[in-house]
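Proteins come first, then strands; the chains are lettered A, B, ... in the order of their sequence lines, and each starts at number 1.
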2 protein chains.
Amino acid sequence: MPKEPKPTINDVARLSGVSKKTVSRVINKSPLLNEATRKKVEAVIAELGYVPNPQARALALRRNFLIGLIHDNPNAQMVLGVQEGILETIRDTEFALVVRPVDRHSPALLDDIRHFIEQQRLFGVMLLPPISENDELADMCRALGCTVVRMGSAALDKSEHLVASNDRQAVADAVYWLSELGHKRIGFIAGPEGFRSARERELGFADGMARAGLPLDPAIMARGTYRFESGQAAGDKLLAATPRPTAIFSSNDEMAAGFLHRALGQGIRVPQDLSIIGFDNTATAAHIWPPLTTVQWPIKAMARAAASKLIDPADAASQPSIFLSDLIRRASAATCAGAHGTDAPAPATQDGHGPAETQPLTPVTKSR
Amino acid sequence: MPKEPKPTINDVARLSGVSKKTVSRVINKSPLLNEATRKKVEAVIAELGYVPNPQARALALRRNFLIGLIHDNPNAQMVLGVQEGILETIRDTEFALVVRPVDRHSPALLDDIRHFIEQQRLFGVMLLPPISENDELADMCRALGCTVVRMGSAALDKSEHLVASNDRQAVADAVYWLSELGHKRIGFIAGPEGFRSARERELGFADGMARAGLPLDPAIMARGTYRFESGQAAGDKLLAATPRPTAIFSSNDEMAAGFLHRALGQGIRVPQDLSIIGFDNTATAAHIWPPLTTVQWPIKAMARAAASKLIDPADAASQPSIFLSDLIRRASAATCAGAHGTDAPAPATQDGHGPAETQPLTPVTKSR
DNA sequence: TTGTACGCGTTATCAC
DNA sequence: GTGATAACGCGTACAA
């Protein structure tokens, strides 16, 4: 176990015949420095493989370089996408990403997070939905002296501290697209109450229906929990309605999958008899049968922007804070059979894994 | 932005009328301490909300409290499960978890990771498959002076530095179970060459077939990439074989899903005409139609054990290092139609989301 | 049982 | 431009 101590700034100073401070200036790229001495010092640094000790830096600067990712998110892909996005931004900086999965139902939630931030002396934290919707939490983090950036489905905060998707518009556009496909009876599966994302998607559904001149019928609307089973329950209700809906918008993919199970179990053909659209573009969406048309957040881009806002607050306001989602069109949604349109329904044998599937199609959403 | 400086050990010492060192003893739970002074100091600590600065501690102790999770893993759920497991173990310690997704195909992989470890002065790292199979990488980490624990599908390392599932046995048992269901023609989809997990699962398949007295037929075996599309390709090959296999073991769920698409596309009924078993128990497995019988790693337990080995090397050898997987039985595998068994195939309308599904059944694997 | 002096690796101050 | 010297917050010798 090679345990030879790592070279310090003193070693570099001694070997290059300058003072510690000069080495420090080289490291921090001070502008007022003789080019010759800089070169000399840099040579010694390279030779020794010297790397500044971040703990000592943090101590002297009274400032840390850890950013925390706090989440309680059921969507593993999203969390991982965020981690990758953040990493891309901080890759060549001295920042590191420390993660903290939490349980939003724990009564000790706030205390846990407070302890986490205080103990690690975090520079900043990034909050993922749904806990990003918790204003009390965000305030507490700020009171602890760390910058906060929240990721969400709507304008939860000032733009310097926010990165959000416009779920409302994305859903409205998707629903309107269904109407363009000839669907007139469009059902809806809402997410759980208390989730901002669920509420935005509901509003978007109403917007889209209104734009299409279609009425909202409570008989073909249900509230779920974002879980698979609740999608099945919604299937029990909505598929029994008369007349049956010809299309369904589900507030997430998991419920859409549950709903689809029920539909297939009743011998309903998708998309010939019924179109389904989900939300999230989870791995499941691409792998179920038929492949699910769904709305996708530009997660990595959002995470990159969020990380920028975190590590460079001065630049935060200039970074975009609202992102538009793409509709990933797969086989689960097609022209309404009863409509007068000329498009044939997507063939049931289409796997939806051609080139049109692996790269998102033209977004339904538009800049405004 | 409340920016009042946090209380330091000096503040505590002053207010409680003792020296720094005494406070330090309280923090570190030194046994030789007057109970009265301890109580007094603890009161002041609580009152001030004092939290020791980990950076200063790290500096003084010449030892850090960051553990790194390095991974390049396509299975988001597994990565997140590991993160949660690690967190459960380090929750009440001063350790923090810093994550580093990497690209195993990058030529700079080793340099990237070296830089990461040196820059953050990591205490230890945890390697996830498939990069945990890279001996050169593990050696480099150790040369950098940080302890390494690897997670994998087989005995990659000494037990102090390893947490592994016994994929070979799990697959063998699952395949043997298929034979007990009456299947005699069992196909196999292998994972990509160069993956240790893929190799172990292949060996397990061969073991299981041998135990069942069944021959290996290359006509119903295919090699995939662990990706969905390769499962479809395997479907094209294996479903064209004569006679057609009555059961398939796929080395992961994603390929199983691709295979299933092809089977359903050809009008083959699952499980009546064909049984399918996957590996990983991803979210997809539970959500596709029919729900997929699959092998599941006890990921959280493994991650907890791995974290223990990391932060307490003295205790490492006593922790278990080989974990047994569970077979999650769902609707996709059933009695072979042509067999003489009395069990009826699972009804096609079963959603597989009853109680028997949400909690794993009795494991097929046994302690040895 | 408790306190003093010093070191850990770095940056900031303020001379030169 | 560059270099002594003092922080930063905490732990360890060693003395009391």
Please report the distance, rounded to the nearest Å, between [atom1] in [X] and [atom2] in [N].
{"X": "A/Asn53", "N": "C/dT11", "atom1": "CG", "atom2": "C1'", "answer": "13 Å"}
{"X": "A/Asn28", "N": "D/dT2", "atom1": "CG", "atom2": "C1'", "answer": "15 Å"}
{"X": "A/Phe65", "N": "C/dT10", "atom1": "CZ", "atom2": "P", "answer": "13 Å"}
{"X": "B/Asn64", "N": "D/dC10", "atom1": "CG", "atom2": "P", "answer": "16 Å"}
{"X": "B/Arg62", "N": "D/dT12", "atom1": "CZ", "atom2": "P", "answer": "9 Å"}
{"X": "A/Gln119", "N": "D/dC10", "atom1": "CD", "atom2": "P", "answer": "13 Å"}
{"X": "B/Arg63", "N": "D/dT12", "atom1": "CZ", "atom2": "C1'", "answer": "15 Å"}
{"X": "B/Leu59", "N": "D/dT12", "atom1": "CG", "atom2": "C1'", "answer": "14 Å"}

Passing option when A/Ile70 is tested against A/Ile131, A/Val148, A/Leu109 for side-chain contact (heavy atoms from CB on, under 4.5 Å)
A/Ile131

Side chain proximity check, [X] to [Y], heavy atoms < 4.5 angstrom:
{"X": "A/Arg114", "Y": "A/Asp111", "value": "yes"}
{"X": "B/Phe95", "Y": "B/Ile86", "value": "no"}
{"X": "A/Lys158", "Y": "A/Leu162", "value": "no"}

With a non-hydrogen cut-off below 4.0 angstrom, is B/Val23 in contact with a base, only sugar-phosphate, or nothing?
nothing

Using a cut-off of 4.0 Å on non-hydrogen atoms, how would the nucleic acid contact of B/Leu33 be classed: base, sugar-phosphate, or nothing?
sugar-phosphate

Need to verify one output field. Residue with the more 5' nearest nucleotide on DNA chain C, B/Thr22 or B/Leu61?
B/Thr22

The criterion is side-chain contact (heavy atoms from CB on, under 4.5 Å); which residues satisfy it with A/Leu33, sequence neighbours excluded?
A/Thr22, A/Arg25, A/Val26, A/Thr37, A/Arg38

Sequence neighbours left out, what passes side-chain contact (heavy atoms from CB on, under 4.5 Å) with B/Gln77? Give chain and number order.
A/Ala76, B/Asn75, B/Thr282, B/Ala283

Step through the shown structure and confirm whether more than 12 heavy atoms of other residues, nucleotides or ligands are within 6.0 Å of CD on A/Glu136.
no

Tell me which nucleotide among D/dG11, C/dT10, C/dT11 gets nearest to the side chain of B/Ile9.
D/dG11

For D/dG9, does OP1 or OP2 lie under 4.0 Å from any side-chain N or O of B/Thr8?
no

Is the phosphate of D/dG11, meaning OP1 or OP2, less than 4.0 Å from a side-chain N or O of B/Ser24?
yes

I'd like to know if B/Lys20 reaches the base of C/dG3 with its side chain, counting only an N/O donor and acceptor under 3.5 Å.
no

Does the ring pair (Phe, Tyr, Trp, His ring centres under 6.0 Å) test come out yes or no for B/Phe123 and B/Phe65, once each step is laid out?
CA-CA 6 Å; B/Phe123 170 82; B/Phe65 295 95; 7.1 Å; no

Describe, as an angle rounded to 10 degrees, how the axis at the first end of the helix from C/dT1-D/dA16 to C/dC16-D/dG1 is tilted relative to the axis at the last end, five pairs per end.
30°

Does a side-chain N-to-carboxylate-O contact under 4.0 Å join A/Asp135 and A/Arg150?
yes

Does the pair A/Glu84/A/Lys300 count as a salt bridge with the N-to-O cut at 4.0 Å?
yes

Residues of residues 35-46 of chain A with any non-hydrogen atom less than 4.0 angstrom from an atom of DNA chain C: list those, numerically ordered, please.
none

Polar pairs (N or O, both sides) under 3.5 Å between protein and nucleotides 13-16 of chain D?
none

Name all pairs fulfilling the side-chain hydrogen bond (donor to acceptor under 3.5 Å, both in side chains) condition that reach into residues 90-108 of chain A, sequence neighbours left out, sorted by first residue then second.
A/Arg57-A/Glu94, A/Asp72-A/Arg104

Gap between atom CD of B/Glu42 and atom OH of B/Tyr50 - 0.5 Å precision
13.0 Å

